[in-house]
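Presented below is the structure to which this report refers.
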2 protein chains.
Amino acid sequence: MKILYHPAAEEIQLGSVLYALSDPTRLCLVHTIAKQGEQSCSTFEVPIAKSTLSHHIRTLREAGIVRVRIQGTQHFVSLRTEDLEVRFPNLLSTILQAAQNHTMTEEL
Amino acid sequence: MKILYHPAAEEIQLGSVLYALSDPTRLCLVHTIAKQGEQSCSTFEVPIAKSTLSHHIRTLREAGIVRVRIQGTQHFVSLRTEDLEVRFPNLLSTILQAAQNHTMTEEL
DNA sequence: TCTATTGTTCGATAACAATCGAACTAAATG
DNA sequence: CATTTAGTTCGATTGTTATCGAACAATAGA
């Protein structure tokens, strides 16, 4: 079984987090997870190839934004809310609030 | 005299803001302006060519993060704190707080 | 008017990123 | 064991970006 790399909470870099969330597709994924909780990759409703989705999930994981848990053939993705809160207080919630009010109501 | 494009407050895009701030050089510039207030481009102490600095300032300006005011031969750069606060409450301060505690004390 | 000063723009380069489809891997299930 | 399901990885393509130096533009000052 594959072991997936996750940065430790204290290794999470601000630049990587901001970069990961600057992509509309990834922000949409994060927004969806924030609303609906942990879910497997196959349940995301985004109009992209599965290899591209895999790439985006990986970017989010390596940035420290999501945790990926393997169960059978499925990969369950959840937000690292507490880790991010400790490292960068209010950052995630503030960005999600901003996304809620603007980005998500217009595009994607 | 050149007229510089600035997006209106309500046109500022979250993705563009996050992207602009994900670059370490640009985050450093914004952090400096936040600490020291408006200043001209020539006062930034960053180890890059002036054409590169010009490019970064432009990226920040077009993202809606800074306002550039021309006075003589100098370009004075300031944060669009209020505009950003209205559009994305707490976003800038939260990111700057995160940068203060981590990024800026380690690198650059 | 000549010369600094300040910054932009241009052209080139090198690195990186988003995207896709095809091939692959691993687990569950018939 | 064969098949389906769920994702990853690879190779290719296309586009973007960070960087530099050189040339340019505009203003201020001698």
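Every value quoted in this text rests on a predicted model; they were computed, and no experiment measured them. Residue numbers begin at 1 in each chain, while the letters A, B, ... track the order of the sequences.
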_With each end axis built from five pairs of C1' atoms, what bend angle do you get for the helix from C:dT1-D:dA30 to C:dG30-D:dC1? Round to 10°._
10°

*Please state how far atom CG in B:Leu21 lies from atom C1' in D:dT17, giving the value in whole angstrom units.*
16 Å

*In whole angstrom, give the distance that lies between atom CD1 of B:Ile70 and atom C1' of D:dA28.*
15 Å

_On a heavy-atom basis, which atom in B:Tyr19 and which in B:Ser22 lie closest, and how many Å separate them?_
O-OG, 2.7 Å

_With no hydrogens and no angle check, just 3.5 Å: does a side-chain donor-acceptor pair link B:Gln36 and B:Thr32?_
no

*Contacts of type side chain to side chain donor-acceptor pair (under 3.5 Å), residue A:Ser16, not counting sequence neighbours*: none

*Reading nucleotides 4-16 of chain C from the 5' end, what letters show protein touch, with B for base, S for backbone sugar-phosphate only, - for no heavy atom under 4.0 Å?*
-BSBBB-------

*asked:* Any salt bridge linking A:Arg67 with A:Glu38? Criterion: basic side-chain nitrogen under 4.0 Å from a carboxylate oxygen.
replied: no

*A:Gln74 (side chain) donor-acceptor with A:Cys41 (main chain) under 3.5 angstrom*: no

*Find which nucleotide of DNA chain C each of A:Gly72 and A:Ile48 is nearest to by heavy atoms, and output the residue with the more 5' nucleotide.*
A:Ile48

*asked:* Donor-acceptor check, side chain of A:His75 to backbone of A:Thr73, threshold 3.5 angstrom: yes or no?
replied: no

*Within the distance-only criterion (no hydrogens, no angle test), does the side chain of B:Glu10 pair as donor or acceptor with the backbone N or O of B:Ala8 below 3.5 angstrom?*
no

_Sole residue of B:Ile12, B:Ile65, B:Val86, B:Leu60 in side chain to side chain contact (heavy atoms under 4.5 Å, CB included) with B:Arg80_ = B:Ile12

*Position toward the 5' end of DNA chain C (nearest nucleotide), A:Asp23 or A:Gln71*: A:Asp23

_A:Ile3 CD1 to C:dA26 P, straight-line distance once rounded to whole Å_ = 13 Å

